[in-house]
Amino acid sequence: MAVKYDNFEIVLLLLSQPGITIEPSLFRDCKTLKQITIPSSVVSIEESAFEGCSTLKQITIQPSIKVIKEFAFFNCVSLTEITIPDSVK
């Protein structure tokens with residue numbers, strides 16, 4: 001899946017290093033993002049990381065996630081499914 005974000009087109013995003021944090025507002029207002037699977041290499045999703053991703057419908061989060069900060073998925077108005085593991089504080 002290709003995602004248009006500002007002047008860049010994200011074709012593939014590999015998050016394979018252990019201990020990755022998805023930084024604040026990293027994908028904010030990305031209007032073409034429809035589905036996310038957060039891999040086990042990610043341990044934290046920061047404030048507003050996906051805020052305003054208005055076409056985002058499905059999110060799957062692996063058990064490695066320890067923290068999801070406030071507004072991480074705020075205003076994701078199309079979101080119909082999210083799986084949050086028990087490991088999240």
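Counting from 1, the numbers follow the sequence of the chain as shown.
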Next on the checklist: Could you measure the distance from the SG atom of Cys76 to the CD1 atom of Ile36? Nearest 0.5 Å is fine.
Outcome noted: 7.0 Å
Next on the checklist: Once rounded to the nearest 0.5 Å, what's the spacing between atom CD1 of Ile68 and atom CD of Glu46?
Outcome noted: 11.0 Å
Checklist entry - With sequence neighbours left out, which residue pairs that include part of residues 54-63 fulfil the salt bridge (Lys or Arg N to Asp or Glu O under 4.0 Å) condition? => result none
Checklist entry - Between Pro63 and Ser87, what is the shortest heavy-atom contact and its length? => result O-OG, 2.7 Å
Checklist entry - With no hydrogens and no angle check, is any side-chain donor or acceptor of Ser64 less than 3.5 Å from a backbone partner on Val42? => result yes
Item to check | Distance, nearest 0.5 Å, that separates CD1 of Ile38 from CD1 of Ile84 | outcome: 11.0 Å
Next on the checklist: Is any side-chain heavy atom of Val88 closer than 4.5 Å to one of Lys66?
Outcome noted: no
Checklist entry - Is it the case that one hydrophobic cluster holds both Ile82 and Phe71, taking links as side-chain heavy atoms less than 4.5 Å apart, direct or via other members? => result no
Checklist entry - Would you say the side chains of Glu23 and Ser25 form a donor-acceptor pair under 3.5 Å? => result no
Checklist entry - Taking all atoms of both residues into account, what is the closest heavy-atom pair of Ile65 and Ser44, and its distance? => result CD1-N, 4.1 Å
Next on the checklist: Do Thr60 and Gln35 have side chains that approach each other closer than 4.5 Å (heavy atoms only, starting at C-beta)?
Outcome noted: no
Checklist entry - Which residue pairs pass the side chain to side chain donor-acceptor pair (under 3.5 Å) test when at least one of the two sits in residues 47-56, sequence neighbours left out? => result Arg28-Glu51, Ser48-Glu51
Checklist entry - Any chain of hydrophobic side-chain contacts (each under 4.5 Å) joining Ile22 to Phe74? => result no
Checklist entry - How about Phe50 and Ile59: do any of their side-chain heavy atoms sit closer than 4.5 Å? => result no
Item to check | Closest non-hydrogen atom pair between Pro39 and Gln62, with its separation | outcome: C-CG, 3.7 Å
Checklist entry - Do Leu56 and Phe27 touch side chain to side chain, with heavy atoms closer than 4.5 Å? => result no
Checklist entry - Do Ile61 and Leu79 belong together in a cluster built from hydrophobic side chains that touch within less than 4.5 Å? => result yes
